[in-house]
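Quick note: numbers below take in every heavy atom, side chains included, and nothing from hydrogens, waters or symmetry partners. To find a chain, count down the sequence lines: A is the first, B the second, and so on, and within it residues start at 1.
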Amino acid sequence: MLTINLIRENPEFVIERLGVKNFDAAAIVNNILTLDRRRRELQSQSDGIQSELNTLSKQIGLMMKNGEKDAAEKAKESVATMKEQQKSYIDELAATEEELKNEIVKLPNLPHASVAPGKTADDNVIVRSGGTVPVLHSDAAPHWDLIKKYDIIDFDLGIKLTGAGFPVYKGKGAKLQRALVNFFLDEGEKAGYREIEPPIMVNKDSGFGTGQLPDKEGQMYHATLDDFYMIPTAEVPVTNIYRDVILDGSELPVRNMAYTPCFRREAGSWGAHVRGLNRLHQFDKVEIVQIAHPDNSYEQLEEMVKHVEGLLVKLGLPYRILRLCGGDISFTSALTYDFEVFSAAQQRWLEVSSTSNFEAFQANRLKCRFKDKGDKQTRLCHTLNGSALALPRIVAAILENFQTPDGIIIPEVLRQYTRFDIID
RNA sequence: GGAGAGAUGGGUGAGUGGCUUAAACCAGCAGUUUGCUAAACUGCCGUAUGGGUAACUGUACCGGGGGUUCGAAUCCCCCUCUCUCCGCCA
């Protein structure tokens with residue numbers, strides 16, 4: 001949610017920047033400005049009456065005490081008239097505020113100056129790439145065949161237990177999964193992130209705080225009996241730690257990370273591009289979250305990008321980093337880097353991380369603020385998050401890229417965690 | 001799940017309808033004093049929103065939402081959460 005101050009003070013700038021996201025904001029912005037003027041006018045009028053009422057009430061108290069009954073009764077009558085008038089202001093004020101909020105939430109976040117205009121994923125900018133695509137042997141297979149061959153991940157069993165998209169990891173498959181989680185957490189700790197183990201179900205307030213509710217309700221699993229939602233990402237609980245919190249400026253940036261399972265209903269298409277581990281209802285992920293000072297949040301974003309890139313380098317996977325164009329960047333993000341690894345048997349790039357600066361867009365909803373020493377006013381923090389990393393596609397890439405006729409070779413950095421060096 | 005007791009500022013905690021402009025203490029910040037520390041003293045010490053260049057000032061907020069009243073932290077109703085005891089339980 002954009003702040004009303006920004007819209008009020010720089011309406012032209014807001015419209016111009018949203019144009020980069022192919023969003024025509026002119027009509028909405030104009031409507032917002034009108035509603036905002038009306039809202040302030042109404043509040044002034046209502047407050048003015050309230051002020052008079054407060055004074056009058058005190059006077060009535062004194063009159064009663066002094067036994068001036070008639071004067072008190074007369075004053076009560078004028079109170080009634082004033083309250084009636086105030087009610088019409090208050091009713092219109094509430095309606096105006098409601099309408100104003102409904103308009104403001106329609107506006108996406110402003111894209112950062114470095115975001116290129118563009119319509120689709122084809123317009124994303126490749127920032128850099130690294131690693132080398134392996135040359136596979138002649139009967140190399142995609143991961144959905146490999147997992148059967150080595151009996152490490154079982155989709156059919158998942159269907160029996162739950163349904164499609166809930167795989168069962170077995171033996172070395174389960175151990176590889178656990179090794180990756182531990183590797184990511186240990187690397188995160190070295191980079192200064194505090195490990196959090198959050199609830200993986202959240203209440204409605206948390207869903208609203210990070211923006212999953214009300215619009216994306218259908219993407220989350222909902223436990224209706226208790227009105228809890230299964231988290232689609234650890235971003236939800238970990239960022240909501242800072243909902244309604246005022247931090248001291250010296251505490252920033254705050255670096256937290258969490259490993260959690262993630263649950264997504266993904267009511268989307270199914271087909272070849274979502275086969276195997278490419279898209280699931282339940283998957284594991286290590287998420288990094290920062291709460292940053294607005295003055296240096298982009299330095300923090302670069303720090304996060306370097307961290308995620310370091311993980312891919314250490315795993316030895318071929319990767320590329322994309323800066324998303326205006327058309328592909330999410331509603332809430334100001335700047336997003338996507339990380340993709342090349343999965344050699346599928347001959348496809350798979351997204352394994354999306355690392356973003358939301359600036360104050362999310363913080364405004366969360367009411368996550370800070371105060372610098374000496375400042376009177378609180379300011380909104382900037383929030384950032386990124387996957388570091390999402391497991392299934394990393395597993396898919398490891399299986400496909402490191403396959404040999406003798407088995408799948410485990411990356412060097414994982415062997416202290418797996419305690420085996422080949423899946424065969 | 002049952003019974004009872006509670007929810008007040010960063011913390012402790014007073015406040016049963018107007019004398020509260022939420023006391024007091026602690027913590028914190030600034031200053032005075034001091035060779036330094038400590039102590040003492042003085043002042044400041046919440047959030048949101050409206051008006052104002054600003055100083056300043058109006059309004060709201062005592063878990064959340066309604067209600068009674070000229071006037072509510074205080075009385076009434078609903079909800080949420082916490083604590084104690086009992087039951088159940090990894």
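Spacing between B:rU33 and B:rA40 at atom C1', rounded to whole Å, works out to 9 Å. A gap of 26 Å separates the C1' atoms of B:rG58 and B:rG43, to the nearest Å. For the P atom pair drawn from B:rG71 and B:rA14, the interatomic distance equals 30 Å after rounding to whole Å. Comparing the same atom, C1', in B:rG10 and in B:rU47 gives a spacing of 13 Å after rounding to whole Å. When the C1' atom is compared between B:rA7 and B:rG64, the two are found 11 Å apart, to the nearest whole Å. Comparing the same atom, C1', in B:rC75 and in B:rG18 gives a spacing of 15 Å after rounding to whole Å. Across B:rC25 and B:rC81, the matching P atoms stand 37 Å from one another, rounded to whole Å. Comparing the P positions of B:rA22 and B:rC62 gives a spacing of 11 Å, expressed to the nearest Å.
Salt-bridge annotation for A:Asp36 and A:Arg40: present, with a side-chain N of the basic residue lying under 4.0 Å from a carboxylate O of the acidic one. Classification of A:Lys101 and A:Glu98 as a salt-bridged pair fails, no side-chain N sitting under 4.0 Å from a carboxylate O.
Scanning for side chain to side chain donor-acceptor pair (under 3.5 Å) contacts around A:Ser114 gives A:His112, with sequence neighbours left out. With sequence neighbours excluded, the residues forming a side chain to side chain donor-acceptor pair (under 3.5 Å) with A:Tyr242 are A:Arg194, A:Asn256, listed by chain and number.
Of the residues near RNA chain B, A:Ile60 and A:Arg39, the one whose nearest nucleotide (by heavy atom distance) lies more toward the 5' end is A:Arg39. Looking at which nucleotide of RNA chain B each of A:Arg369 and A:Ser57 is closest to, the 5′-most match is held by A:Ser57.
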A:Glu187 vs A:Lys190, salt bridge (charged side-chain N to carboxylate O under 4.0 Å, His left out): CA-CA, chis, key distance, verdict = CA-CA 5 Å; A:Glu187 291 294 311; A:Lys190 284 183 208 160; 3.0 Å; yes

Go through A:Lys74 and A:Glu77 one step at a time and tell me if the salt bridge (charged side-chain N to carboxylate O under 4.0 Å, His left out) criterion holds.
-> CA-CA 5 Å; A:Lys74 208 170 175 188; A:Glu77 278 171 37; over 6 Å; no

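Across every strand in view, B:rU42 sits in a pair with B:rA30 that passes the Watson-Crick or G-U test at under 3.5 angstrom. Across all strands shown, B:rC88 has no partner, as no Watson-Crick or G-U wobble contact with both distances under 3.5 Å is found. The partner of B:rG58, taking Watson-Crick or G-U wobble pairs whose two distances both stay under 3.5 Å, is B:rU49. Base pairing of B:rA72 is not made with any nucleotide, judged by Watson-Crick or G-U wobble geometry with both donor-acceptor distances under 3.5 Å. With a cut-off of 3.5 Å on both pairing distances, B:rG9 has no Watson-Crick or G-U wobble partner at all. Across every strand in view, B:rC19 sits unpaired, with no contact that passes the Watson-Crick or G-U test at under 3.5 angstrom.
Using cut-offs of 30° and 60° on the angle between ring planes, the pair A:His307 and A:Tyr193 is tilted. Below 30°, between 30° and 60°, or above 60°: for A:His222 and A:Tyr229 the angle between ring planes is below 30°, a parallel geometry.
Shortest non-hydrogen contact noted between A:Met257 and A:Glu189 is CE-N, 3.5 Å. Scanning all heavy atoms of the two residues, the minimum distance from A:Gly386 to A:Met304 falls at N-CE, 3.7 Å.
Within residues 42-52 of chain A, the residues approaching RNA chain B are A:Gln43, A:Ser44, A:Asp47, A:Gln50, A:Ser51, by heavy-atom distance under 4.0 Å. Near-neighbour residues of RNA chain B inside residues 73-80 of chain A, defined by a heavy atom below 4.0 Å, number-ordered: A:Lys76, A:Val79.
Among residue pairs with one or both ends in residues 147-159 of chain A, those qualifying as salt bridge (Lys or Arg N to Asp or Glu O under 4.0 Å) are A:Asp151-A:Lys170, A:Asp154-A:Lys170; sequence neighbours excluded.
With a cutoff of under 4.0 Å to any heavy atom of chain A, the contacted region of RNA chain B is bounded 5' to 3' by B:rG18 to B:rG71.
Residue A:Leu53 is classed as having no contact, given no heavy-atom separation below 4.0 Å to the nucleic acid. Counting any heavy atom pair closer than 4.0 Å across all strands shown, A:Arg38 reaches no nucleic acid atom.
The closest donor-acceptor contact from the side chain of A:Arg323 to the backbone of A:Val125 lies at 3.5 Å or more, if one exists at all.
A cation-pi arrangement is not found for A:Lys172 relative to A:Tyr150, the charged atom failing to lie both closer than 6.0 Å to the ring centre and inside a 45° cone about the ring normal.
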